[in-house]
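Heads up: numbering here begins at 1 and tracks the sequence. Computed from a predicted model, the values in this text were never measured in an experiment.
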Amino acid sequence: MAEAGAAVTIADIDLDEAEREAARLRAEGYRARAAALDVVDRAGTARVFADHAAAFGGLDIAFANAGIDPGAGYWNPAGYRNEEGQIDALDPAHWDRTIAINLTGVFNTVREAVRLMKPARKGSIIATSSNAR
């Protein structure tokens, strides 16, 4: 997106990685900043979007890309179900975290993007998913 002319905020739970990527983009002449964000945190998501809009004068595009896999091997590389991936063996806390990131995180991202885009009556939102089985 930076290469296409967008000013970007790279928001990630791993701030060090986000900072490295933003620094790389800035070194190449792009407008980029980094922010720490767990997309499950609604207030944090709102803050990151507001900070981006303040830094760059608005928001034209948002990319909802956070996601994790459900964990210990629903499927192994050969395409067979692992025992630890069976529903009766899966830790419910891990399931809850997966749903929170993969679903609520997208909701939080889209919600905050829309809040900034509606008044401007323009914008695009991209959400990715996975082909994991």
Side-chain angles (χ1 to χ4, degrees):
M1 289 187 191
E3 291 173 359
V8 299
T9 295
I10 300 167
D12 198 301
I13 200 162
D14 181 347
L15 181 58
D16 291 338
E17 184 62 30
E19 290 281 8
R20 276 191 291 282
E21 184 61 15
R24 182 189 69 78
L25 290 171
R26 286 191 303 271
E28 294 178 18
Y30 302 112
R31 296 177 298 155
R33 55 189 295 279
L37 177 62
D38 179 344
V39 294
V40 175
D41 176 7
R42 285 192 174 99
T45 303
R47 184 185 64 256
V48 167
F49 273 85
D51 290 351
H52 175 90
F56 297 121
L59 180 72
D60 295 317
I61 189 165
F63 184 22
N65 190 46
I68 61 173
D69 95 15
Y74 275 98
W75 296 91
N76 68 26
Y80 298 101
R81 203 171 266 294
N82 288 330
E83 289 301 315
E84 64 270 23
Q86 299 291 322
I87 196 163
D88 56 343
L90 186 65
D91 177 3
H94 190 81
W95 174 257
D96 292 343
R97 181 72 178 151
T98 301
I99 294 300
I101 292 170
N102 294 2
L103 298 179
T104 303
V106 172
F107 171 82
N108 291 342
T109 299
V110 171
R111 185 172 189 248
E112 293 309 318
V114 166
R115 287 181 174 196
L116 291 170
M117 292 174 180
K118 269 184 144 179
R121 301 181 55 86
K122 66 176 183 155
S124 295
I125 298 171
I126 301 165
T128 55
S129 64
S130 170
N131 65 354
R133 314 186 262 163

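Closest heavy-atom contact between Ala35 and Ala18: O-CB, 4.4 Å. Across every non-hydrogen atom of Ala2 and Val8, the tightest pair is N-CG1, 3.9 Å. Shortest non-hydrogen contact noted between Leu25 and Ala32 is CB-CB, 3.8 Å.
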- [ ] Could you walk me through whether Val39 and Asn108 pass the side-chain contact (heavy atoms from CB on, under 4.5 Å) test, one step at a time?
- [x] CA-CA 7 Å; Val39 294; Asn108 291 342; 5.5 Å; no

TODO: Could you walk me through whether Arg42 and Glu112 pass the side-chain contact (heavy atoms from CB on, under 4.5 Å) test, one step at a time?
DONE: CA-CA 9 Å; Arg42 285 192 174 99; Glu112 293 309 318; over 6 Å; no

Open item on the list: side-chain contact (heavy atoms from CB on, under 4.5 Å), that's the test. Do Phe56 and Thr9 meet it? Break it down for me.
Closed with: CA-CA 9 Å; Phe56 297 121; Thr9 295; 3.9 Å; yes

TODO: Give the C-alpha distance, both sets of side-chain angles, the deciding distance and a yes or no for side-chain contact (heavy atoms from CB on, under 4.5 Å) between Leu116 and Phe49.
DONE: CA-CA 8 Å; Leu116 291 170; Phe49 273 85; 3.9 Å; yes

- [ ] May I have the step-by-step check of salt bridge (Lys or Arg N to Asp or Glu O under 4.0 Å) for Asp12 and Arg20, ending in yes or no?
- [x] CA-CA 11 Å; Asp12 198 301; Arg20 276 191 291 282; over 6 Å; no

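The backbone N or O of Ala127 lies less than 3.5 Å from no partner atom in the side chain of Asn65, so there is not a single donor-acceptor pair.
Looking at His52 and Leu59, their side chains come closer than 4.5 Å, going by heavy atoms from C-beta outward. Annotation: side chain of Thr109 is not in contact with side chain of Phe63 (no heavy-atom distance under 4.5 Å). At least one side-chain heavy atom of Asp51 sits under 4.5 Å from a side-chain heavy atom of Arg33. Between Ile125 and Ile61 the shortest side-chain heavy-atom distance does not fall below 4.5 Å.
The hydrophobic clustering, which links ILVMFWY residues whose side-chain heavy atoms are closer than 4.5 Å, places Val106 and Val114 together.
Summarising the geometry, atom CG belonging to Leu37 is positioned 7.5 Å from atom CZ belonging to Arg47; distances are rounded to the nearest 0.5 Å. With rounding to the nearest 0.5 angstrom, the CE atom of Met117 is 7.0 Å from the CG atom of Asp60. Atom CG of Leu15 is separated from atom CD1 of Ile13 by 11.0 Å, given to the nearest 0.5 angstrom. For the atom pair OG1 (Thr104) and CG (Asp41), the distance works out to 12.0 Å, reported to the nearest 0.5 Å. Rounding to the nearest 0.5 angstrom, the gap separating the CG atom in Asp38 from the OG1 atom in Thr45 is 7.5 Å.
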